[in-house]
*Asks:* 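Take a look at the following structure, please.
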There are 2 protein chains.
Amino acid sequence: MKLTNKGRYAVMAMADLASNAKGGPISLTEISLRQNISLAYLEQIFLKLKNNKLVRSSRGANGGYVLEKPASEIKLSNIIYAVDEEVKTLNCKKNSKRGCNNKSTKCITHNLWDQLDQHIIGFFEKVKLQDLAKLG
Amino acid sequence: MKLTNKGRYAVMAMADLASNAKGGPISLTEISLRQNISLAYLEQIFLKLKNNKLVRSSRGANGGYVLEKPASEIKLSNIIYAVDEEVKTLNCKKNSKRGCNNKSTKCITHNLWDQLDQHIIGFFEKVKLQDLAKLG
DNA sequence: AAGAATTCCTACTATTTTAGTAGGGATTAA
DNA sequence: TTAATCCCTACTAAAATAGTAGGAATTCTT
Ligand code: FES
Ligand code: FES
């Protein structure tokens, strides 16, 4: 499974966006300073967030980003997936007949990892961006 | 967070050990063949499992490994930790005052990752080696 | 006693992934 | 016109992963 800085940063930045909303767009420079994340790295991340319709951008001076939807409608899973972090503990291709052992049956732990996947995904599906303020 | 082949193999091998118990010890060669895992890699993994008192070894011809405790008493978390897979989604040191942003307060997502940790650890604590047979 | 099977242990290495950096172009407000 | 900003791609250093390799020690079998 993957859960790395990129995913963490994405969630952090989205949370920042949500909690510092001030009407107009918020620049990445601001977020970079507040959250201590490299600007160039943030740019990469926001490209993906934008392509996944989680934020809307305005270019030029005073430009920046705003949430595309209310924070109550953005699930953590949306963010995580947007930046290509896969919650994937299975070693095999899920819809293949072959197992990770390259045999024709699934390995003895297949169902276990599958359940773990569901467990983690469930968590990400349940938590909304809005909830982060409460958690924090 | 880390959850890689090493951890998967460890669980697989332990499950193999549990389900193919035949009184005497089981050699890694057998497991290697059944589960399609490189023998040398298995050896490394079993060193750790042994150091963590999850298996007992006997050397020499006809040697091999047996579970140190009944499968019903071995938690998945025991196995995962034994091979150094950390369920660690936090980016900062948990008991430090500093945050992952290197500031003096914890970041806005800290509690979130902390909860996710608990969520995943809870899963590993709950599932016993014995349950794998049922799952599989 | 010899040989084979096995665990034990450490060191090395190729590959992949991660975490950025770098550089330049396009757009817009002032 | 200039500065601030987003946009986009390519590159790169460092770390982690997934093994390989090699040999020593032990024990069973013959
Ligand atoms: S994880 Fe799917 S077959 Fe092993
Ligand atoms: S994860 Fe702990 S401070 Fe950010």
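Protein chains get the first letters and strands the later ones, always in sequence-line order, with residue 1 at the start of each.
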*Asks:* Hey, is the side chain of B/S58 poking within less than 4.0 Å of OP1 or OP2 on C/dT6, counting only N and O atoms?
*Replies:*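 False: B/S58 side-chain N/O out of range (4.0 Å or more) of C/dT6 OP1/OP2.
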*Asks:* Side chains of B/Q35 and A/N101: any donor to acceptor distance under 3.5 Å?
*Replies:* no
*Asks:* Do any side-chain nitrogens or oxygens of A/Y9 fall under 4.0 Å of OP1 or OP2 in C/dA19?
*Replies:* no
*Asks:* Roughly how many Å is it from CG in B/L3 to P in D/dT17, rounded to a whole number?
*Replies:*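 Taking CG of B/L3 and P of D/dT17, I get 11 Å after rounding.
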*Asks:* Once the angle between the rings of B/Y9 and B/Y41 is folded into 0 to 90°, is it parallel (under 30°), tilted (30 to 60°) or perpendicular (over 60°)?
*Replies:*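 Plane angle over 60°, so perpendicular.
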*Asks:* Can you tell me if B/N52 uses its side chain to pair, donor with acceptor, with the backbone of B/K48 under 3.5 Å?
*Replies:* yes
*Asks:* Distance check needed: C/dT17 P versus A/E86 CD, whole Å only.
*Replies:*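 After rounding, the gap between these two atoms is 10 Å.
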*Asks:* Rounded off to whole Å, could you give me the CG-to-P distance for the A/N91 and C/dT16 pair?
*Replies:*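 Rounded to whole Å, this separation is 15 Å.
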*Asks:* Which of the following nucleotides, D/dA18, D/dC6, C/dG20, is nearest to the side chain of A/R59?
*Replies:* D/dC6
*Asks:* B/N5 side chain: which of D/dT27, D/dT17, D/dG19 is closest?
*Replies:* D/dG19
*Asks:* Write down the distance between CG (B/L28) and P (C/dA4), rounded to a whole number of angstrom.
*Replies:* 21 Å
*Asks:* Which residues in residues 38-47 of chain A have at least one heavy atom lying under 4.0 Å from any atom of DNA chain D?
*Replies:* A/E43, A/Q44, A/L47
*Asks:* With the side chain of A/Y65 defined as its heavy atoms from C-beta on, choose the nearest nucleotide among C/dA19, C/dG20, D/dC7.
*Replies:*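 Looking only at side-chain atoms, A/Y65 lies closest to D/dC7.
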*Asks:* What is the distance from NZ of B/K48 to P of D/dG19, rounded to the nearest Å?
*Replies:* 15 Å
*Asks:* Same cluster or not: A/I45 versus A/V66, using hydrophobic residues (I, L, V, M, F, W, Y) connected whenever any side-chain heavy atoms lie under 4.5 Å apart?
*Replies:*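 Cluster IDs for A/I45 and A/V66 differ.
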*Asks:* At less than 4.0 Å, is any side-chain N or O atom of B/K50 found next to OP1 or OP2 of C/dC8? Yes or no.
*Replies:*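 For C/dC8, OP1 or OP2 has a side-chain N or O of B/K50 closer than 4.0 Å.
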*Asks:* Without decimals, in angstroms, what is the distance between B/L17 CG and C/dT7 P?
*Replies:*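 These atoms are roughly 11 Å apart.
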*Asks:* Taking the inter-plane angle between the rings of A/F124 and B/W113 on a 0 to 90° scale, is it parallel (under 30°), tilted (30 to 60°) or perpendicular (over 60°)?
*Replies:* perpendicular
*Asks:* Could you go through the side chain to side chain contact (heavy atoms under 4.5 Å, CB included) check for A/Q44 and A/L47 one step at a time?
*Replies:* CA-CA 5 Å; A/Q44 286 182 49; A/L47 270 205; 5.8 Å; no
*Asks:* Check this one for me: any side-chain N or O of A/T4 less than 4.0 Å away from OP1 or OP2 of C/dA19?
*Replies:*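 Yes, A/T4 has a side-chain N/O under 4.0 Å of OP1/OP2 on C/dA19.
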*Asks:* Ignoring hydrogens and geometry, is there a side-chain-to-backbone donor-acceptor pair from A/H119 to B/H119 under 3.5 Å?
*Replies:* yes
*Asks:* In whole Å, I'd like the distance from the CD1 atom of B/I26 to the P atom of C/dA5.
*Replies:*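 It is 19 Å, rounded to the nearest whole Å.
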*Asks:* Where each residue is assigned the nucleotide of DNA chain D containing its nearest heavy atom, which of B/E85 and B/A61 is assigned the position nearer the 5′ end?
*Replies:* B/E85
*Asks:* Mind calculating the distance between CD1 (A/I37) and P (C/dT18) to the nearest angstrom?
*Replies:* 17 Å
*Asks:* Would a distance-only check, ignoring hydrogens and angles, find a side-chain to backbone donor-acceptor pair under 3.5 Å from B/S57 to B/G64?
*Replies:*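 No; zero donor-acceptor contacts below 3.5 Å.
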*Asks:* It should be established whether B/N62 places a side-chain nitrogen or oxygen under 4.0 Å from OP1 or OP2 of nucleotide D/dT27.
*Replies:* no
*Asks:* Is any side-chain nitrogen or oxygen of B/S57 closer than 4.0 Å to OP1 or OP2 of C/dC8?
*Replies:*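 For C/dC8, OP1/OP2 do have a side-chain N/O of B/S57 under 4.0 Å.
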